[in-house]
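Notes for the one structure printed next.
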Amino acid sequence: MHPFEALAEPVRRRIIEILASGEHTSGQLADVVGPEFRISRTAVSKHLRLLRDAKCVDVRAEENWRWYRLSSEGLEALESAVADIRQRYAGAIGWDADAGTKRDPLARTPRYPSVPFRGPGRAPRRGRRGRQTTFAQWASPDDLPPPRPIIDWVYEWHREHDEIALDGDIEDAQDA
């Protein structure tokens with residue numbers, strides 16, 4: 001498992017933060033992480049197993065307890081992955097936001113002023129995907145179709161579904 005995959009989950013990152021302070025039992029980790037993320041001891045054990053499989057943590061057994069600690073092998077794998085990304089970034093071609101120039105040594109382009117930063121912007125709104133944001137089907141209320149009497153709607157529905165023949169009932173109601 002790639003070190004970034006192991007640290008992709010917030011629960012596992014929190015476990016790594018706790019283990020950075022020293023050795024802890026699985027029960028101690030579950031007592032801290034469980035209430036923070038509202039997960040069970042079983043879920044904490046699953047995350048510990050994934051971290052152990054990724055070689056990010058080591059475990060030792062002492063009587064009835066399992067003691068977990070950070071693994072130097074896992075930290076070295078993480079540092080190696082970050083070093084690989086830094087190496088690729090150093091040799092990249094394209095726009096360099098830090099220097100404000102292109103990274104292509106063969107091309108000379110004019111330098112444009114940067115756009116000022118005005119803050120983080122709006123916070124993401126959960127649960128709003130797929131909703132209609134504009135209701136511009138008609139330009140004005142005059143363009144709306146005329147309202148139909150409710151009896152027409154009921155008559156149409158019953159006619160389509162053949163549940164009740166309303167032909168006689170409607171004529172009787174109109175005659176009265």
Side-chain angles (χ1 to χ4, degrees), residues 1-105 107 109 111-138 153 157 160-161 163:
M1 179 184 287
H2 195 274
F4 289 157
E5 287 180 77
L7 297 177
E9 183 74 30
V11 175
R12 294 196 284 267
R13 284 196 304 269
R14 179 65 175 134
I15 290 172
I16 293 291
E17 288 174 4
I18 294 169
L19 291 177
S21 67
E23 261 187 342
H24 296 283
T25 64
S26 56
Q28 291 170 337
L29 292 168
D31 289 341
V32 172
V33 174
E36 280 184 31
F37 292 95
R38 296 182 183 184
I39 59 174
S40 64
R41 286 179 172 262
T42 307
V44 173
S45 294
K46 181 194 96 164
H47 288 295
L48 286 168
R49 180 177 45 82
L50 288 170
L51 286 171
R52 190 178 65 227
D53 292 346
K55 296 184 170 69
C56 291
V57 297
D58 287 330
V59 64
R60 68 177 174 88
E62 183 180 297
E63 295 180 9
N64 292 337
W65 297 283
R66 300 287 178 260
W67 290 87
Y68 288 88
R69 66 180 176 274
L70 281 181
S71 166
S72 60
E73 184 181 340
L75 290 177
E76 288 171 6
L78 182 61
E79 288 172 356
S80 172
V82 170
D84 183 42
I85 290 174
R86 285 188 189 274
Q87 182 182 6
R88 290 179 188 203
Y89 180 70
I93 295 176
W95 183 257
D96 184 3
D98 298 332
T101 60
K102 279 196 166 263
R103 288 191 193 164
D104 190 358
T109 58
R111 184 175 173 150
Y112 299 104
S114 63
V115 177
F117 180 71
R118 294 189 177 155
R122 274 196 315 202
R125 293 168 45 191
R126 293 181 58 110
R128 303 290 296 176
R129 277 188 245 141
R131 295 211 180 151
Q132 187 174 358
T133 57
T134 60
F135 299 98
Q137 293 178 350
W138 295 284
W153 291 90
W157 187 87
E160 289 174 5
H161 291 82
E163 289 186 8

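Everything quoted here is computed from the prediction, not taken from an experiment.
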### Query
Just wondering, do Y68 and L48 contact through their side chains at under 4.5 Å, heavy atoms?
yes
#### Entry: Approximate separation, where rounding is to 0.5 Å, of S40 OG and K46 NZ
9.5 Å
### Query
With a 4.5 Å heavy-atom cut-off, do F37 and V32 have their side chains touching?
no
### Task
Looking only at non-hydrogen atoms, find the nearest pair between I18 and S21 and report the distance.
O-OG, 2.7 Å
#### Entry: Side-chain heavy atoms of S71 within contact of V57, under 4.5 Å
no
### Message
Donor-acceptor pair, distance only, cut-off 3.5 Å: does the side chain of S45 make one with the backbone of R41?
### Response
yes
### Gap separating the CG atom of L51 from the CZ atom of R13, nearest 0.5 angstrom
11.5 Å
### Query
In terms of side-chain geometry, is the basic nitrogen of R52 or D58 positioned less than 4.0 Å from the acidic oxygen of its partner?
no
#### Entry: Minimum heavy-atom distance P35-A30, with the two atoms named
CD-O, 3.7 Å
### Task
Evaluate the side-chain proximity of S26 to V44: yes if any heavy-atom separation is below 4.5 Å, no if none is.
no
### Exercise: identify the closest heavy-atom pair between A20 and L70
CA-CD1, 3.7 Å
### Heavy atoms from other residues, nucleotides or ligands near CZ of R60 exceed 12 (cutoff 6.0 Å)
yes
### Query
Do H24 and L19 come within less than 4.5 Å of each other through their side chains, counting heavy atoms only?
yes
### Query
Is there a side-chain contact between L50 and R12, using heavy atoms and a 4.5 Å cut-off?
yes
### Flag side-chain contact, heavy atom, 4.5 Å: V82 against E79
no
### Task
With rounding to the nearest 0.5 Å, note down the distance linking CH2 in W67 to OG1 in T25.
5.5 Å
### Query
Nearest 0.5 Å, what's the CG-CZ distance between L29 and R66?
14.0 Å
### Task
Can you establish whether the number of heavy atoms outside E36 located under 6.0 Å from its atom CD is more than 12?
yes
